[in-house]
Structure formats: C-alpha cells, structure tokens
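Quick notes on the structure that follows.
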Number of protein chains: 2
Amino acid sequence: MARTTGSHSDITGPRVRAAALRLFARHGFAAVSMRQIAMEVGVQVGALYNYTPDKQTLLFELMRDHMIELLRAAVTFPRDMPLADLENFVRFHIAFHHDRPDAVFIAYMELRNLEPDNFAEIEALRGQYEAVLESILEAGRFNVADRKIATLAIIAMLTGVSTWFRTGGRLSLGAVQEQYWEMVRRMVGPEGGSV
Amino acid sequence: MARTTGSHSDITGPRVRAAALRLFARHGFAAVSMRQIAMEVGVQVGALYNYTPDKQTLLFELMRDHMIELLRAAVTFPRDMPLADLENFVRFHIAFHHDRPDAVFIAYMELRNLEPDNFAEIEALRGQYEAVLESILEAGRFNVADRKIATLAIIAMLTGVSTWFRTGGRLSLGAVQEQYWEMVRRMVGPEGGSV
DNA sequence: GTCTATATTCTGATAGAC
DNA sequence: GTCTATCAGAATATAGAC
C-alpha cells in the first residue's frame with residue numbers, strides 16, 4: 001500500500017510490529033529483510049528505525065510481549081481445585097495458542113536467533129509458564145512419576161496442536177480441546193494400573 | 001582447518017553435509033551462508049558447488065535423507081503385538097531422535113525454507129512416518145477417541161524430549177524412555193474410566 | 001515522522017587457471 | 001577438485017533534507 005509523506009506515529013508502530021510478526025512467522029527471522037517489513041507496512045525502510053533500534057530488538061520485543069501476555073493469562077487459575085485447574089490449563093493452552101498462531105510459531109522457532117541476553121530473558125519467561133502447570137500437578141493427587149517430565153510432555157503435546165489444526169477442518173476447536181483433555185486426564189489420572 | 005589444493009572428493013562431500021547440518025541446526029538455514037559452510041569444512045566457497053547445485057538442494061537433501069532413514073528404521077516393527085509395537089515405537093522414537101539432534105531440529109524447523117516441491121516431498125515422508133504409529137494404534141484395542149489426533153499428540157510429546165534432554169542430566173535416556181512409555185500407555189490404555 | 005540517498009558489508013553463484 | 005577473482009544484487013543501518 002503506497003503512503004504519502006506525513007506523520008503517522010500513532011498507527012505505524014503497531015503496523016510495524018504486526019508486519020514483522022506475520023513475516024517472521026511465514027519465512028523466519030533471518031529470511032525476512034527490513035525492506036520486506038517496510039514494504040508490508042507501506043513505508044520506506046528508514047522509517048522503521050523510528051520504532052525499533054534494530055531488527056534483533058524487534059524480534060525480541062515480539063517474543064517478550066507474547067510470553068508476558070501468555071504468562072499473565074495463565075496465572076489466573078484459582079489453584080484450589082487441581083483437577084479443574086488442570087482441565088482449564090489444557091483448554092486454555094490450546095485456545096490461547098490457536099488465537100495467536102504467528103506469535104506461537106515465532107516463540108518456538110526463533111529462539112536460535114536471539115542474542116544471549118535476550119534468549120535468557122525469554123527462557124526465564126518460558127520457565128515461569130511451565131511452573132504454572134507444574135504447580136497444578138503438584139497441588140493435585142496426580143499419578144505422575146516425575147512432575148517436571150510430565151509438565152514438559154503435556155506442554156509439548158498441547159503445543160503440537162498448532163502444527164496441524166485448521167479452523168474449518170474435520171474437528172472444531174472445542175472437540176480438539178475435549179480430546180486433549182481426555183488424553184491428559186488419563187495420562188496423569190489416578191487409575192494408572194496394569195494393561 | 002586450512003586445506004591445501006588437491007583432490008579430496010571422497011571425504012569432502014560428507015564433510016560438506018556434516019558442516020551444513022551442524023550450522024543449519026545451530027543458526028537456521030537462512031542465517032547460514034555458503035561461506036560459513038566452506039570455512040567450517042576448510043575449503044573455499046567455490047568448492048562447495050562440486051557437491052550441491054545450490055544451497056536449497058543442500059537443505060532438501062539433508063532433510064530427505066533424515067526422513068528416509070527415520071522411515072526405514074520405523075517400519076521394522078513386527079506389527080503382530082500392538083502393545084509391544086507401541087512400546088517399541090515410543091522407545092525407538094526417543095532414541096532415534098536423541099542420536100540425531102541436528103537432523104531432528106532441521107527437519108522440524110526448516111520446513112518453511114523449502115521450495116514447494118521439496119516441501120511436498122518431505123511432508124509426504126512425514127505422513128508415512130505418522131502412518132506407522134497410526135497403524136499400530138489401529139491394530140490394537142486401544143482406548144483412543146480419534147486415532148489421528150492420538151497419533152499427532154504422541155509424536156509431538158515424544159519429539160519434545162529433544163528440546164530439553166541432555167546426556168549427563170538428572171535422568172538417563174533409559175529412564176526418560178520408561179516414563180514416556182508409562183505416560184503413553186496410560187494415555188491410550190484400556191482402563192480409561194472416570195476420575 | 002518519513003523521505004531519499006548512501007556507506008559498508010555480505011550474499012549466492014559462476015568463470016577460468018591449475 | 002580446488003583455487004582465486006569476480007559479478008550483480010541485497011543486507012542492515014545511518015545521514016540529512018523536508
């Protein structure tokens with residue numbers, strides 16, 4: 001979209017972040033140039049540097065904002081009914097990630113492209129998110145041999161939904177949530193037993 | 001490592017692939033230059049083109065070879081005892097992926113950077129691998145609401161091991177295999193039941 | 001705040017000597 | 001088969017006009 005010279009700081013900033021999010025998710029951070037982002041926004045490349053000091057910071061802030069939003073949404077569980085909390089966590093994780101496919105993709109794929117300090121900060125936020133699930137597993141009488149492993153296994157399983165789920169496919173998101181909750185429930189449920 | 005002029009085709013080819021595998025896994029396909037690969041191998045950049053027509057083909061062949069090797073190793077299960085086959089699959093997937101961390105990383109992260117025809121070929125191979133697990137789930141009397149979803153959930157869960165497992169850590173690989181098998185067994189086991 | 005123009009470095013790939 | 005040299009273009013980031 002062509003643009004004329006003028007003052008648009010109030011809307012250009014969000015548009016830069018949105019364009020970067022979209023392009024980084026599609027093609028990868030390293031494969032996307034500042035020129036491509038500028039073209040998507042409809043400005044010249046120099047204008048981008050009013051909104052980010054450099055490309056690396058742009059990536060980092062997208063990832064950080066996503067992780068903070070995820071974390072803020074995740075810590076609202078009541079923590080008094082572990083089974084209900086676990087179910088809520090499962091449904092929440094699937095829904096939240098479904099609503100933000102680009103941010104999820106970047107948060108999992110572009111860790112390699114973060115400079116060490118930025119990487120450490122994102123990893124710390126990820127650890128906090130894992131701790132939410134871990135504390136739910138700790139609070140309940142779940143049949144879990146190793147809480148840390150169960151945490152990582154469940155999160156990996158749930159996050160995997162975003163690699164194949166498409167709205168309008170064979171299953172609704174609700175049906176997917178239902179089935180994953182059933183699988184998680186059985187995985188950590190008290191019945192265990194022999195086969 | 002500096003090299004002198006001469007004929008080394010018998011060893012340079014594998015060294016090019018090994019260097020590309022390593023660098024692509026560390027930094028991402030788009031972030032790695034042919035010059036970096038050449039430096040890692042110890043040749044000048046022009047020499048690389050004796051072994052690949054271009055960078056894209058180098059990536060594609062690494063991914064294709066990995067998927068073919070994975071598939072060949074996976075179809076050896078007997079298919080007559082579903083529960084044993086499922087356990088073997090779980091242990092196999094974890095061990096195989098643990099032995100090839102760079103190839104696994106690339107196979108899951110660099111799909112975006114494949115040209116359409118190459119992407120289709122890799123996706124087909126991935127589908128065949130998923131079909132191996134799906135047929136095991138089909139052969140047994142497993143308590144699975146949707147076989148396709150269970151297949152994808154299990155593979156995502158197992159593949160996630162490679163994001164955190166490190167030899168010499170708190171748990172041995174055997175212990176990890178054991179715990180994942182226990183989780184998968186409960187997830188698809190016949191006991192199901194209420195909570 | 002955005003533009004145009006530019007500095008500097010790097011990119012994938014090729015040509016031809018040895 | 002590897003080297004050196006090179007092409008043509010693209011990369012990030014900056015400077016200064018408006």
Side-chain angles (χ1 to χ4, degrees), chain A residues 1-21 23-24 26-63 106 110 112-115 117-118, chain B residues 1-24 26-63 106 110 112-118:
Chain A
M1 183 168 73
R3 299 281 300 283
T4 54
T5 300
S7 181
H8 301 278
S9 74
D10 50 340
I11 58 167
T12 304
R15 280 167 57 77
V16 168
R17 288 190 289 278
L21 190 76
L23 289 169
F24 289 166
R26 296 271 186 298
H27 310 292
F29 171 75
V32 173
S33 70
M34 294 298 272
R35 278 174 175 75
Q36 282 175 274
I37 297 170
M39 189 157 58
E40 181 101 345
V41 174
V43 295
Q44 293 301 311
V45 64
L48 297 182
Y49 292 87
N50 288 314
Y51 303 97
T52 182
D54 50 42
K55 192 183 169 192
Q56 164 74 204
T57 303
L58 184 53
L59 171 65
F60 168 64
E61 290 182 348
L62 288 173
M63 293 176 74
I106 290 171
E110 302 298 351
R112 287 178 302 188
N113 289 305
L114 289 174
E115 288 166 6
D117 286 359
N118 294 341
Chain B
M1 180 168 73
R3 298 280 301 281
T4 54
T5 301
S7 180
H8 301 278
S9 74
D10 51 341
I11 58 167
T12 304
R15 280 166 57 79
V16 169
R17 288 190 289 277
L21 189 77
R22 192 180 120 90
L23 289 170
F24 289 165
R26 295 274 186 297
H27 310 292
F29 171 75
V32 173
S33 70
M34 294 298 273
R35 279 170 175 77
Q36 281 176 274
I37 297 171
M39 190 158 58
E40 181 102 344
V41 174
V43 295
Q44 293 301 311
V45 64
L48 297 181
Y49 291 87
N50 288 314
Y51 303 97
T52 182
D54 51 41
K55 194 185 169 192
Q56 165 75 204
T57 303
L58 184 54
L59 171 65
F60 169 64
E61 290 182 349
L62 287 174
M63 293 176 74
I106 291 171
E110 301 298 351
R112 287 178 302 188
N113 290 306
L114 289 174
E115 288 166 7
D117 286 359
N118 293 341

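In what follows, every chain begins at residue 1, and chains take the letters A, B, ... in the order their sequences are listed.
Minimum interatomic distance between Leu48(B) and Met34(B) (heavy atoms only, all atoms of both residues): CD1-O, 3.2 Å. Closest approach of Val32(A) and Leu23(A) over heavy atoms only: CG2-O, 3.3 Å. Across all their heavy atoms, Val45(B) and Arg35(B) have their closest contact at CG2-N, 4.0 Å.
The side chain of Thr12(B) contributes an N or O atom lying less than 4.0 Å from OP1 or OP2 of dT2(D).
Mapping Asn50(B) and Pro53(A) onto DNA chain D by nearest heavy atom places Asn50(B) at the nucleotide closer to the 5' end.
Put simply, CD on Gln56(A) is 16 Å from C1' on dA11(D), counting in whole angstrom units. The CE-P distance, from Met39(A) to dT2(C), rounds to 18 Å in whole Å.
Remark: Arg112(B) engages Glu110(A) in a salt bridge (charged side-chain N to carboxylate O under 4.0 Å, His left out) (not counting sequence neighbours). Partners of Asp54(B) under the side-chain hydrogen bond (donor to acceptor under 3.5 Å, both in side chains) rule, at least two apart in sequence or in another chain, are Thr57(B).
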Produce a footprint string for nucleotides 4-12 of chain C: one letter per nucleotide, 5' end first; B if the base is under 4.0 Å from any protein heavy atom, S if only the sugar-phosphate is, - if neither. B------BB
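Phe24(A) is listed as a side-chain neighbour of Ile37(A), based on a closest heavy-atom distance under 4.5 Å.
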